[in-house]
Amino acid sequence: MATTRAKITSLGCYVPPNVITNGDLEKLVDTNHEWIVSRTGITERHVASPEMATSDLATSAAKIALENRGVNADDLDAIIVCTVTPDMMFPSTACLVQNNLGAGHAWGFDLIAACSGFIYGINTAANLVMSGQNKKVLVIGADTMTRILNYKDRATCVLFGDGAGAVLIEPAGEGEDLGFIDFMGEIDGAGGPFLNMPAGGSRRPASHETVDQNMHYVHQEGAQVFKYAVTKMQEYSRAILERNGFTGADLALLVPHQANMRIIQASADKLGLPASKVVLNIGKYGNTTAGTIPLATRDAITEGRLKKGDLVLFAAVGAGYTVGTSLWRWAF
Ligand SMILES: CC(C)(COP(=O)(O)OP(=O)(O)OC[C@H]1O[C@@H](n2cnc3c(N)ncnc32)[C@H](O)[C@@H]1OP(=O)(O)O)[C@@H](O)C(=O)NCCC(=O)NCCS
């Protein structure tokens, strides 16, 4: 099979309509708007209504991406759903989305890499396309984090929101100098204890005890994660630029995972990037885990900050730990 270039040809995002503001959270836990904004940059976040699950957010985002490109779901070769909040342990959310879309000829799977999930997903999809195995791959980053938040724990419940974004990845045209350039990342399981959901898997199946001990909620040691994220975001962003003969000056845009405004600003400072080259939209959505990068990309496009031919770098650090950076020449 011939090697061909892969490009992102369409993008669609969905956030549920309900919004929780910092003021709303002040009524639930001992926190305040000033603390949340100054420590994280978050003002509000969208929250799925009780009947909505991750596959619903993912399906809505996918439909917009397909519609924007005028592609029929039946033409999809593969569906990759990046999520840590699947509707259930199995079947995969990808199967649920496939059925919702009526994608009659797709294979697919869920990908667990937490906040790096979307970057791992587009890397996998790009390679499926470049190998010639698939021609239309849908990658969806979708999470319903509010389902696994303890609204009695102020250190975590203020940070996350719900949302989804989908992209279509297809072969670039003959000789077209657009699309995927490179990926670099690492996983480091030694970071597992600092950010996880302890129960509900085969190690600690759901039981009265696990529920009583709040083990089905996000557990995070924020300061540890913060330090790792700042170090790795800039280390890998710098490395992938260097490996491809670029510097920060060549970048049109850095689209970082939106976990904390201070992580993003520290990483941008270390890379010498001005604020105009960095997307920061955490204020409106909080951390939507696998959803942040497509949502931030969508906002950048809407604001006219990302155009065809631009060099764009996606970068994330997430639970695991997982680290991912992905460099693209934007194609639409
Ligand atoms: C979670 C995070 C915002 C906390 O910020 P921080 O500046 O590190 O704050 P600390 O955890 O050191 O806590 C400082 C104080 O604020 C308090 N605090 C924590 N959450 C609070 C809240 N929502 N409102 C008010 N006070 C809060 C703490 O209890 C602590 O009080 P103490 O000093 O009396 O013990 C920050 O660590 C972070 O963003 N970490 C990375 C998170 C992340 O990226 N996660 C996803 C990775 S993909």
Side-chain angles (χ1 to χ4, degrees), residues 20-45 82-85 111-121 141-146 148-163 185-197 217-237 255-268 279-283 285-296 314-325:
I20 293 191
T21 64
N22 292 346
D24 296 329
L25 289 169
E26 284 176 6
K27 294 174 199 142
L28 295 176
V29 285
D30 179 17
T31 190
N32 58 79
H33 175 71
E34 291 68 32
W35 190 95
I36 301 173
V37 171
S38 65
R39 304 311 290 161
T40 72
I42 303 166
T43 299
E44 58 187 33
R45 64 291 286 147
C82 316
T83 187
V84 290
T85 48
L111 188 160
I112 304 178
C115 299
S116 306
F118 184 77
I119 292 179
Y120 285 21
D143 273 299
T144 315
M145 294 302 289
T146 61
I148 57 168
L149 288 181
N150 181 354
Y151 280 98
K152 291 188 175 130
D153 175 14
R154 68 178 182 174
T156 51
C157 76
V158 304
L159 302 175
F160 296 92
D162 302 333
E186 71 169 49
I187 59 172
D188 180 0
F194 304 122
L195 181 53
N196 56 42
M197 187 178 97
Y217 293 128
V218 171
H219 162 82
Q220 175 168 261
E221 290 170 41
Q224 294 284 345
V225 179
F226 189 95
K227 271 184 260 165
Y228 185 85
V230 171
T231 308
K232 292 292 174 179
M233 284 271 266
Q234 63 94 15
E235 178 188 323
Y236 272 83
S237 296
V255 184
H257 167 55
Q258 309 282 312
N260 185 312
M261 171 190 69
R262 291 182 297 134
I263 294 176
I264 295 171
Q265 283 167 348
S267 308
V279 186
L280 184 67
N281 71 348
I282 191 172
Y285 306 113
N287 181 351
T288 57
T289 303
T292 66
I293 288 183
L295 279 166
F314 303 109
V317 173
Y321 294 125
T322 58
V323 183
T325 49

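Atoms within a ligand are numbered from 1 in the order they appear, just like the ligands themselves.
- Looking only at protein heavy atoms, the nearest one to atom 14 (C) of ligand 1 is W35 CZ2, 4.5 Å.
- On a distance-only criterion, G222 and ligand 1 share at least one N/O pair closer than 3.5 Å.
- Residue contacts with ligand 1, taken as heavy atom pairs separated by less than 4.0 Å, do not involve V29 at all.
- Not a single donor-acceptor pair under 3.5 Å links the side chain of Y217 to the backbone N or O of D153.
- When hydrogens are left out, the protein atom nearest atom 12 (O) of ligand 1 is A223 CB, 5.0 Å; that is the closest non-hydrogen contact.
- Interface atoms of ligand 1 facing H257, defined by a heavy-atom separation under 4.0 Å, are 48 (S).
- Remark: minimum distance from atom 45 (N) of ligand 1 to any protein heavy atom is reached at Q220 OE1, 2.8 Å.
- For atom 20 (N) of ligand 1, the nearest protein heavy atom lies under 4.0 Å away.
- Annotation for ligand 1: atoms under 4.0 Å from non-hydrogen atoms of G318 are 48 (S).
- Put simply, atom 41 (C) of ligand 1 has protein non-hydrogen atoms near it, under 4.0 Å away.
- The one candidate from T43, V158, L25 that meets the side chain to side chain contact (heavy atoms under 4.5 Å, CB included) condition with H33 is T43.
- Atoms of ligand 1 lying under 4.0 Å from at least one heavy atom of V158, given by number and element, are 23 (N).
- No donor-acceptor pair under 3.5 Å is formed between the side chain of T288 and the backbone N or O of D162.
- With a 4.0 Å heavy-atom cut-off, ligand 1 is reached by the backbone of T31 and by its side chain too.
- Looking at T40 and N260, their side chains never bring a donor and an acceptor atom within 3.5 Å of each other.
- Distance CD/Q220 to CE/M197: 15.0 Å, rounded to 0.5 Å.
- Within 6.0 Å of CG on L149 lie more than 12 heavy atoms contributed by other residues, nucleotides or ligands.
- Ranking protein heavy atoms by distance to atom 6 (P) of ligand 1, first place goes to R262 NH2, 3.8 Å.
- The backbone N or O of Y285 lies less than 3.5 Å from no partner atom in the side chain of R45, so there is not a single donor-acceptor pair.
- Within ligand 1, the atoms closer than 4.0 Å to a non-hydrogen atom of T40 are 3 (C), numbered from 1 in the order shown.
- Atoms OG1 and CZ, from T31 and R154 in turn, are 7.0 Å apart once rounded to the nearest 0.5 Å.
- Scanning all protein heavy atoms for the shortest distance to atom 7 (O) of ligand 1 gives R39 NH2, 2.7 Å.
- For the atom pair Q258 CD and I293 CD1, the distance stands at 8.0 Å (nearest 0.5 Å).
- A donor-acceptor pair under 3.5 Å links the side-chain atoms of R262 to the main chain of R39, judged by distance alone.
- Of the protein's non-hydrogen atoms, the one nearest atom 38 (C) of ligand 1 is N260 ND2, 3.5 Å.
- A donor-acceptor pair is defined here as one N or O able to donate and one able to accept, closer than 3.5 Å; no such pair exists between the side chain of N196 and the backbone of V218.
- In this structure, NE2 on H257 lies 14.5 Å from CZ on F314, to the nearest 0.5 angstrom.
- Counting heavy atoms closer than 4.0 Å to ligand 1, residue T289 contributes nothing at all.
- Ligand-side atoms of ligand 1 in range of N287: 46 (C), range being under 4.0 angstrom from any heavy atom.
- By the criterion of a heavy-atom distance under 4.0 Å, the side chain of I263, and not its backbone, is placed next to ligand 1.
- The closest heavy-atom contact to atom 44 (O) of ligand 1, among the options S38, G320, A316, A259, comes from A259.
- Annotation for I148: atom CD1 counts as buried by contact number, over 12 foreign heavy atoms lying within 6.0 Å.
- Counted by atom type alone, E186 and Y236 present one or more donor-acceptor pairs between their side chains at under 3.5 Å.
- Judged purely by distance below 3.5 Å, without hydrogens or angles, the side chains of D143 and T85 pair a donor atom with an acceptor atom.
- Distance screen at 4.0 Å: atom 24 (N) of ligand 1 has a protein heavy-atom neighbour inside the cut-off.
- The OH atom of Y321 sits 5.0 Å away from atom CZ of F194, with the distance rounded to the nearest 0.5 Å.
- Residue contact check for ligand 1: A155 places a non-hydrogen atom closer than 4.0 Å to it.
- Here the heavy atom of the protein found nearest to atom 34 (O) of ligand 1 is R154 NH2, 4.8 Å.
- When only non-hydrogen protein atoms are considered, atom 1 (C) of ligand 1 lies nearest to L159 CD1, 3.9 Å.
- Protein heavy atoms are absent from the 4.0 Å sphere centred on atom 32 (P) of ligand 1.
- Those atoms of ligand 1 with a heavy atom of C115 less than 4.0 angstrom away are 48 (S).
- Close approach of ligand 1 to V317 is summarised as follows: ligand atoms under 4.0 Å from at least one heavy atom of the residue are 48 (S).
- Contact annotation for F226 and ligand 1: heavy atoms of both the backbone and the side chain come within less than 4.0 Å of the ligand.
- Residue contact annotation: L195 has a non-hydrogen atom under 4.0 Å from ligand 1.
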